[in-house]
Peer 1: 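Got a structure for you, questions after.
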2 protein chains.
Amino acid sequence: MSRLNILVVEDEDAIRAMLVMVLEQAGFKSIAATDAEDAQKILDDSSPDLILLDWMLPGISGVEWLRRLKKEPMYRDVPIILLTARGEEEDKVRGLGCGADDYITKPFSPKELVARIRAVLRRSGKIQGLAQIALGDLVLDTEQHRLSIGDKQLEVSPTEFRLMQFFMTHPDKVYSRTQLLDQVWGRSVYIEERTIDVHIRRLRKILSEHGREDLVQTVRGFGYRFSLID
Amino acid sequence: MSRLNILVVEDEDAIRAMLVMVLEQAGFKSIAATDAEDAQKILDDSSPDLILLDWMLPGISGVEWLRRLKKEPMYRDVPIILLTARGEEEDKVRGLGCGADDYITKPFSPKELVARIRAVLRRSGKIQGLAQIALGDLVLDTEQHRLSIGDKQLEVSPTEFRLMQFFMTHPDKVYSRTQLLDQVWGRSVYIEERTIDVHIRRLRKILSEHGREDLVQTVRGFGYRFSLID
DNA sequence: TCTTTTTGTCATAAAAGGGTAATATAGGCT
DNA sequence: AGCCTATATTACCCTTTTATGACAAAAAGA
């Protein structure tokens, strides 16, 4: 598999250089642009797998450009991570849901950045860990988007599928509602924590039709755990 | 498990003192140095698990020292968190490029600092002993939030879990009710001391179902002790 | 555009947890 | 033994947390 390509759009030289270095180090290819116009050009003839976009840019701002991109069907699906300065409109990024897949506040550690990038890529399907994840008689097939117990198919919605995917790749560990939101929905969406309960309920309902409602366990005061063992 | 040791390198007395206090409070051991030379000496004969390093130091600057450290194989893997003043942000980011694992902007809250430290320690694997605490055939797993004796699961409530966690990480030592309240419930809650008795009782009841009620021992006039030996 | 599905939110029910006080028991001292 | 104090135990009630069902907005198909 060829290296994934990341477009960095950042006007400050020092930060841009650092980003590129970090990305290289982490095994990504990268192209850098200093403003939205540049970025647009690059986008038009190469097709990056992900865009790291500074919130503040000279000329067309990062957010502004982001909005435009999200209107074009052609580029809508390119995952985007926003770079923002601490305290700067952080709430707005979350609240407005302007289309970014995640955001990260400057300054940040290289490890954190890379972890975020990987998470977003994974969510958007660009990195597929294993095509098939099996746990006991549970099989989740990411390619066919199918979930089955033994040879019985389970009918799950997209969100339920992603939730299951997360659970099956992170079994036996408790996750808080916040963590689940971050991991499964993405950091930039703002959703009530209680909504998790409802999704858990939906999952359990489906699982219980096959006698496996015990897979998703409540850990009172902390969150939920997915585990084969009781 | 012995407490993790943190080397604080900071020239301003007030801040250094504060740091040391916060660290103690959070259960870390700490050694302080006021400049890079001092720090180097300490580093040479003790081996801290993490270094909290001020960006600006008299003499050899923090970053400069950091660079040197990262060149020495011996010290390369010691995780480092940079302390920086607000407004030096770009420099900081560049600092991360040179090997720091995280940075934190002054002023910061103790809570934030401790959280960062824990995160870095966890990432670097130093804190993994915290995931599972085993004492005899008792195993408390903080990741899974499970407590078991042998292969039997114990059903404990959140508070009981925390109490057990404290006991298991501080065995063989007597704690007064006040100390237990401070450590397990937190300093800021006001609860009747007698309430502890009730929780002890609940714990004992659970433990006694597995024939281990002798683990929690009453030390009349002082408090309670958790110990495998009778 | 018109359905159908998906998904987030709310209101309410249900359950679990946790603090307190009252009572019982035990330890230790004179 | 008798008394005082410290701890154990129990029951109760209030609070917090989670489960559940219904609804409507949004998204996806058709």
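What you see is a predicted model, and the numbers here were worked out from it, not measured in a lab. Sequence lines set the chain letters: A, B, ... in the order given, protein chains first and strands last, and positions in each chain run from 1.
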Peer 1: Quickly work out the L203(B) CG to dG17(C) C1' distance and round it to whole Å.
Peer 2: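 Rounded to the whole Å, the gap is 14 Å.
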
Peer 1: Flag yes if more than 12 heavy atoms outside D230(A) fall under 6.0 Å of its CG atom; otherwise flag no.
Peer 2: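 Not buried by this count: 12 neighbours or fewer within 6.0 Å.
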
Peer 1: Can you sort out the partners of R68(A) under salt bridge (Lys or Arg N to Asp or Glu O under 4.0 Å), two or more places apart, ordered by chain and number?
Peer 2: E64(A)

Peer 1: Can you tell me which residue pairs pass the salt bridge (charged side-chain N to carboxylate O under 4.0 Å, His left out) test with a partner in residues 212-221 of chain A, sequence neighbours excluded?
Peer 2: D137(A)-R212(A)

Peer 1: Parallel, tilted or perpendicular, judged at 30° and 60°: which one describes the rings of W185(B) and H199(B)?
Peer 2: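 Perpendicular: the ring planes of W185(B) and H199(B) meet at over 60°.
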
Peer 1: If a protein heavy atom is under 4.0 Å from the base, mark B; if only from the sugar-phosphate, S; if neither, -; do that for nucleotides 23-30 of chain C going 5' to 3'.
Peer 2: ----B---

Peer 1: Calculate the interatomic distance between F161(B) atom CZ and dG17(C) atom P; express it in whole Å.
Peer 2: 14 Å

Peer 1: Distance-only check: which donor-acceptor pairs under 3.5 Å involve side-chain atoms of residues 146-157 of chain A, not counting sequence neighbours?
Peer 2:
{"from": "R146(A)", "atom 1": "NH1", "to": "Q144(A)", "atom 2": "OE1", "distance (Å)": "3.4"}
{"from": "S157(A)", "atom 1": "OG", "to": "E160(A)", "atom 2": "N", "distance (Å)": "3.4"}
{"from": "S157(A)", "atom 1": "OG", "to": "E160(A)", "atom 2": "OE1", "distance (Å)": "3.3"}

Peer 1: How close do F222(A) and H145(B) get, counting heavy atoms only, and between which atoms?
Peer 2: CZ-CE1, 3.0 Å

Peer 1: Describe, as an angle rounded to 10 degrees, how the axis at the first end of the helix from dT1(C)-dA30(D) to dT30(C)-dA1(D) is tilted relative to the axis at the last end, five pairs per end.
Peer 2: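 End-to-end axis angle: 30°.
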
Peer 1: Pairing donors with acceptors under 3.5 angstrom, does anything connect the side chains of Y224(B) and R177(B)?
Peer 2: yes

Peer 1: Give a yes/no verdict on a cation-pi contact between R225(A) and Y175(A), requiring under 6.0 Å between NZ or CZ and the six-membered ring centre and an angle within 45° of the axis.
Peer 2: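 Because its charged atom misses either the 6.0 Å distance or the 45° angle limit, R225(A) does not stack over Y175(A).
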
Peer 1: What is the distance, to the nearest angstrom, from the CG atom on L180(B) to the P atom on dG19(C)?
Peer 2: 13 Å

Peer 1: Does a nitrogen or oxygen in the side chain of S157(A) sit under 4.0 Å from OP1 or OP2 of dT7(C)?
Peer 2: yes

Peer 1: Tell me whether the OP1 or OP2 atom of dG19(C) has a side-chain N or O from H199(B) closer than 4.0 Å.
Peer 2: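 Result: yes.
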
Peer 1: Please determine if a side-chain N or O atom of W185(A) lies less than 4.0 Å away from the OP1 or OP2 oxygen of dG8(C).
Peer 2: yes

Peer 1: Let me know the distance between CD of E213(B) and C1' of dT9(D), rounded to the nearest Å.
Peer 2: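 The answer, rounded to whole Å, is 15 Å.
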
Peer 1: State whether a side-chain donor-acceptor pair under 3.5 Å links D11(A) with T34(A).
Peer 2: no

Peer 1: Taking atom C1' of dT7(C) as reference, at what distance in whole Å does atom CD1 of I206(A) sit?
Peer 2: 13 Å

Peer 1: How would you summarise protein contacts on nucleotides 19-30 of chain D per nucleotide, using B for base, S for sugar-phosphate only and - for none, with heavy-atom distances below 4.0 Å?
Peer 2: SSB---------

Peer 1: From CG of L163(B) over to C1' of dG18(C), roughly how many Å is that when rounded to an integer?
Peer 2: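 In whole Å, dG18(C) C1' and L163(B) CG are 13 Å from each other.
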
Peer 1: Quickly work out the F222(A) CZ to dA16(C) P distance and round it to whole Å.
Peer 2: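 So the two atoms are 17 Å apart, to the nearest Å.
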
Peer 1: Answer with yes or no whether the side chains of S30(A) and R16(A) bring together a donor and an acceptor at under 3.5 Å.
Peer 2: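 Side chains of R16(A) and S30(A): no pair found under 3.5 Å.
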
Peer 1: Report the distance from atom CD1 of I191(A) to atom P of dC10(C), rounded to the nearest whole Å.
Peer 2: 12 Å

Peer 1: Hey, does T159(A) reach any base, or is it just sugar-phosphate, or nothing, if we go heavy atoms under 4.0 Å?
Peer 2: sugar-phosphate

Peer 1: With no hydrogens and no angle check, do the side chains of Q165(B) and T142(B) hold a donor and an acceptor under 3.5 Å apart?
Peer 2: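 Side chains of Q165(B) and T142(B): no pair found under 3.5 Å.
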
Peer 1: Taking the ring of F226(B) and the ring of H170(B), is the distance between their centroids below 6.0 Å?
Peer 2: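 When the ring centroids of H170(B) and F226(B) are compared, they turn out to be at least 6.0 Å apart.
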
